[in-house]
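Only a predicted model underlies this, so the values are computations on that prediction, with no experimental measurement involved. To find a chain, count down the sequence lines: A is the first, B the second, and so on, and within it residues start at 1. All heavy atoms count here, side chains included; hydrogens, waters and symmetry mates do not.
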Protein chains: 2
Amino acid sequence: MIQSTDQATARVLVVDDEPNIADVISMALKYNDFEVATAGDGNQALEQVAEFRPDLIVLDVMMPGLDGFQVAKRLAERSADIPILFLTARDTTDDKIRGLTIGGDDYMTKPFSVEELIARIKVILRRAGRTAADSPRLTFLDLELDDDTREVFRDGHPIELTDTEFRLLRYLMGNPRRVLSRAQILDHVWEYDFAGDARVLETYVSYLRRKLDKYGPGLIVTVRGVGYALREPKD
Amino acid sequence: MIQSTDQATARVLVVDDEPNIADVISMALKYNDFEVATAGDGNQALEQVAEFRPDLIVLDVMMPGLDGFQVAKRLAERSADIPILFLTARDTTDDKIRGLTIGGDDYMTKPFSVEELIARIKVILRRAGRTAADSPRLTFLDLELDDDTREVFRDGHPIELTDTEFRLLRYLMGNPRRVLSRAQILDHVWEYDFAGDARVLETYVSYLRRKLDKYGPGLIVTVRGVGYALREPKD
DNA sequence: AGAAAAATTCAGGCTTCTCTCAGGAAACTC
DNA sequence: GAGTTTCCTGAGAGAAGCCTGAATTTTTCT
């Protein structure tokens, strides 16, 4: 019973044999107002599909017993027609994965960033038309960010961002004005098991500022001792 | 007895092997209208979860026997799905801790300030939607304070505050008109084992007054020999 | 494989914050 | 109104936090 702007929150089934991963994902999804169920292997997954009737499945490819592709195949045979987001290890040969993005499906390699996962899930659901789709376009003052095209504009001027810069900006724009702690940002924007130097964040904030502030006043404010926030410049 | 806007007060379980800490926290929580139970180790904690059915757990990481992470893991396996606020020593490597803010969880390093603890607990519960969420925005006359954005306004004018100034003002605004003793303020706003010169408080009151009174009459009154209070100016 | 781009680490320098201290002002007491 | 206590506030040292350029490693592309 929270804000729940759309009456139908989407249901997502998370299938992964590593409980830690399943937990991370399901926590993140719940936090983003999805209904979540989990399964630890292929058979459980098939049961859950029948019971829980998910709108989307996050499906690990590498699992003991029925692997992800096999699960997908069974579902296709049942013509269950539920979009799937596959999770694969980094070194999985692309061959099998390739054909996936042709349908409504998609895939990500582990480890991924949570923001990215959420973003992709929203894209898929939006396509499938099952959720009251927030627009893929985020705006904040004269800043615009398009999730589909990955374009960013400030005051109409296109701005080239690298992948990390883009994800960082998207997270900030998704939480305008709210002060986000360093830990929050690292957890959401970087890969979930990122254990490196937390100063990357400072560096990337620095990069973003340099690019964004070419066309207007600074928007990313430092809240010393806490974190960063997107905020209208004080005039 | 106090405002208690929501009929259902949230239940919080405090788990710490140092009784002093557990006491400090549970007193503070009770004072803020939470129902509180405590546990001294991991196993007690698991029992209490079953009995007391808390809405949130304040969980020390470093404990003899089952440590905090292990407790959390057990709970996750039971899919108990209760948000957790971890307490860690200052020097704990971030590695294990980070990753927590993906879900609804959060963490604080000891020693912390009690006000900050309460504030974070409210944030988590608000997110989890289990309590009729007081808005993150405190107001007193023409003063406004937003906990999410850490913005403060007086009569519409934005006011820049440092971290300590902000926490002090939040405490005052959370207890409008009530006279707060120096000891209370030091205990809540500063780290609980703060042993420095108590005159810091005077200095910070001074800072706050200077910033706030630019846009209106003085709101922080000195109650000589006792402490300070937020109070409407006598006309 | 080689080159280019991106991501991350690192270190120096700079800014800001916190807390201490001390003199003076204000408020109480008698 | 003098004495005493309490409080206010400016100044400054030290520490913490932050920024940014540059070096290094990793990844991607051709």
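Side-chain nitrogen and oxygen atoms of A/Tyr228 include none within less than 4.0 Å of the OP1 or OP2 phosphate oxygen of D/dG17. OP1 and OP2 of D/dT6 both lie 4.0 Å or more from every side-chain N or O belonging to B/Arg182. Contact annotation: B/Thr222 does not reach the phosphate of D/dT6 (side-chain N/O to OP1 or OP2, under 4.0 Å).
Within residues 207-218 of chain B, the residues having any heavy atom closer than 4.0 Å to DNA chain D are, in order of number, B/Tyr207, B/Arg209, B/Arg210.
Under the 30°/60° scheme for interplanar angles, the aromatic rings of B/Tyr207 and B/Tyr204 are found to stand perpendicular. Taking the six-membered ring where tryptophan is involved, the planes of B/Phe112 and B/Tyr192 are perpendicular, since the angle between them exceeds 60° and thus also 30°.
With rounding to the nearest 0.5 Å, the separation of CD1 in B/Ile121 from CG in B/Leu56 is 5.5 Å. Rounding to the nearest 0.5 Å gives a distance of 4.5 Å between CG of A/Leu29 and CD1 of A/Ile118.
The distance from atom OH of B/Tyr204 to atom P of D/dG10 is 15 Å, rounded to the nearest whole Å. Atoms CG (A/Asp197) and C1' (D/dG17) sit 14 Å apart, rounded to a whole Å. Between the CZ atom of B/Arg199 and the C1' atom of D/dG10 there is a distance of 14 Å, given to the nearest Å.
Between A/Phe69 and A/Phe86, the gap from one ring centroid to the other is short of 6.0 Å.
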Worked verdict on B/Ile159 versus B/Phe153 for side-chain contact (heavy atoms from CB on, under 4.5 Å): CA-CA 6 Å; B/Ile159 296 178; B/Phe153 299 92; over 6 Å; no
Worked check of side-chain contact (heavy atoms from CB on, under 4.5 Å) between B/Glu116 and B/His188: CA-CA 8 Å; B/Glu116 203 55 32; B/His188 281 78; over 6 Å; no
Criterion side-chain hydrogen bond (donor to acceptor under 3.5 Å, both in side chains) on B/Thr162 and B/Arg167, from CA distance to verdict: CA-CA 9 Å; B/Thr162 70; B/Arg167 292 197 319 268; over 6 Å; no
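The nucleotide range of DNA chain C contacted by chain B, defined by atoms under 4.0 angstrom from heavy atoms of the protein and reported 5' to 3', is C/dC17 to C/dC28.
Here the side chains of B/Val58 and B/Val12 are in contact, with some heavy-atom distance below 4.5 Å. By the 4.5 Å heavy-atom criterion applied to side chains, B/Thr38 and B/Ile25 are not counted as neighbours.
Only one option out of A/Arg170, A/Arg137, A/Arg120 pairs with A/Asp147 in a salt bridge (charged side-chain N to carboxylate O under 4.0 Å, His left out); it is A/Arg170.
When the local axes at the two ends of the helix from C/dA1-D/dT30 to C/dC30-D/dG1 are compared, using 5 base pairs at each end, they differ in direction by 40° after rounding to 10°.
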